[in-house]
Amino acid sequence: MDMKKAYVDKDNCTSCNQCADNFPKYFMMDEDDLSQTHIGGELINDAIIPEDEIKKVQKEMDECPGECIHWKR
């Protein structure tokens with residue numbers, strides 16, 4: 001099974017909450033109101049995304065106003 005890791009470049013986050021509202025399973029806002037990826041509140045900004053959820057996370061990346069959500073290489 002193919003998995004990818006997603007993270008948020010907080011320097012470019014616009015605090016719009018869009019990803020956290022749309023997909024709270026993998027996105028949440030931190031204490032500074034900046035987005036970060038997570039899994040159950042763990043693996044902060046290092047969330048492992050299962051293959052069957054990659055397209056949904058990619059949709060959030062594509063629609064992010066700050067273009068700050070990325071795949072780790």
Side-chain angles (χ1 to χ4, degrees):
M1 186 172 190
D2 192 28
M3 292 191 184
K4 291 182 168 186
K5 285 187 175 183
Y7 74 98
V8 176
D9 176 359
K10 294 186 180 203
D11 290 340
N12 292 321
C13 180
T14 63
S15 301
C16 73
N17 272 49
Q18 181 173 292
C19 59
D21 288 344
N22 290 343
F23 211 10
K25 181 175 182 179
Y26 297 115
F27 297 97
M28 66 183 187
M29 305 308 283
D30 69 10
E31 62 278 352
D32 296 319
D33 205 31
L34 299 172
S35 177
Q36 56 193 8
T37 63
H38 76 103
I39 299 198
E42 303 291 320
L43 299 176
I44 300 301
N45 243 356
D46 199 32
I48 300 164
I49 311 300
E51 185 175 20
D52 62 341
E53 302 269 41
I54 287 175
K55 284 184 180 171
K56 293 178 194 171
V57 171
Q58 183 64 55
K59 183 175 189 284
E60 293 307 318
M61 290 178 177
D62 295 343
E63 294 179 359
C64 173
E67 299 180 356
C68 63
I69 309 168
H70 305 285
W71 297 115
K72 286 201 170 176
R73 301 196 189 286

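All of these numbers come straight from a predicted model, not from anything done at the bench.
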Please examine the side chains of [Y] and [X], heavy atoms only from C-beta on, and report whether any two atoms are closer than 4.5 Å.
X	Y	value
Lys25	Lys56	no
Ile49	Lys5	no
Asn17	Asp33	yes

Check: Less than 6.0 Å separating the ring centroids of His38 and Phe27?
Finding: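 Ring centroids of His38 and Phe27 are no less than 6.0 Å from each other.
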Next item on the list: Decide side-chain hydrogen bond (donor to acceptor under 3.5 Å, both in side chains) for Gln58 and Asp62; before the verdict, give the C-alpha distance in whole Å, the side-chain angles of both, and the deciding distance to 0.1 Å.
Entry: CA-CA 6 Å; Gln58 183 64 55; Asp62 295 343; 2.8 Å; yes
Check: Does Val8 belong to the same Ile/Leu/Val/Met/Phe/Trp/Tyr cluster as Ile54, with side-chain heavy atoms less than 4.5 Å apart forming each link?
Finding: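 Yes; tracing contacts between hydrophobic side chains, which count when under 4.5 Å, links both residues.
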Margin query: Are Met61 and Ile39 linked, directly or through intermediate hydrophobic residues, by side-chain heavy-atom contacts shorter than 4.5 Å (ILVMFWY only)?
Written below: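 The answer is yes; both residues are in one hydrophobic cluster.
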Margin query: Keeping Asp9 on the side-chain end and Cys68 on the backbone end, is there a donor-acceptor pair under 3.5 Å?
Written below: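 No.
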Checklist line | Atom pair CD/CD1 of Gln36 and Ile44 - distance to nearest 0.5 Å | finding: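 Going from CD on Gln36 over to CD1 on Ile44, the span is 4.5 Å.
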Next item on the list: Nearest 0.5 Å please: distance from the CE atom of Met28 over to the CG atom of Asn45.
Entry: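 So the gap between those two atoms works out to 9.0 Å.
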Notebook entry, point to check: Hey, mind stepping through Ile69 and Tyr7 against side chain to side chain contact (heavy atoms under 4.5 Å, CB included) and telling me if it holds?
Noted result: CA-CA 6 Å; Ile69 309 168; Tyr7 74 98; over 6 Å; no
Notebook entry, point to check: Checking side chain to side chain contact (heavy atoms under 4.5 Å, CB included) for the pair Asn12/Glu67: CA distance, chi angles, key distance, verdict?
Noted result: CA-CA 7 Å; Asn12 292 321; Glu67 299 180 356; over 6 Å; no
Next item on the list: Using a strict cut-off of less than 4.0 Å between a Lys/Arg side-chain nitrogen and an Asp/Glu carboxylate oxygen, indicate whether Asp30 and Lys10 qualify as a salt bridge.
Entry: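 Salt bridge present between Asp30 and Lys10.
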Note to self: Can you list everything that forms a ring pair (Phe, Tyr, Trp, His ring centres under 6.0 Å) with Tyr26? Sequence neighbours excluded, please.
What the structure shows: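 Here the qualifying residues are Phe23.
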Next item on the list: Dump the intermediate steps for side chain to side chain contact (heavy atoms under 4.5 Å, CB included) on Asp46 and Thr37, then the final yes or no.
Entry: CA-CA 6 Å; Asp46 199 32; Thr37 63; 5.7 Å; no
Check: Quick check: are there more than 12 heavy atoms from other residues, nucleotides or ligands sitting under 6.0 Å from NZ of Lys72?
Finding: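 Enclosed.
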Next item on the list: Begin with the C-alpha distance, continue with both residues' side-chain angles, and end with the deciding distance and a verdict on side chain to side chain contact (heavy atoms under 4.5 Å, CB included) for Met3 and Glu51.
Entry: CA-CA 5 Å; Met3 292 191 184; Glu51 185 175 20; 5.8 Å; no
Next item on the list: Considering non-hydrogen atoms only, spot the tightest contact between Ser35 and Met29 and give its length.
Entry: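 In this case the closest contact between Ser35 and Met29 is N-CE, 3.6 Å.
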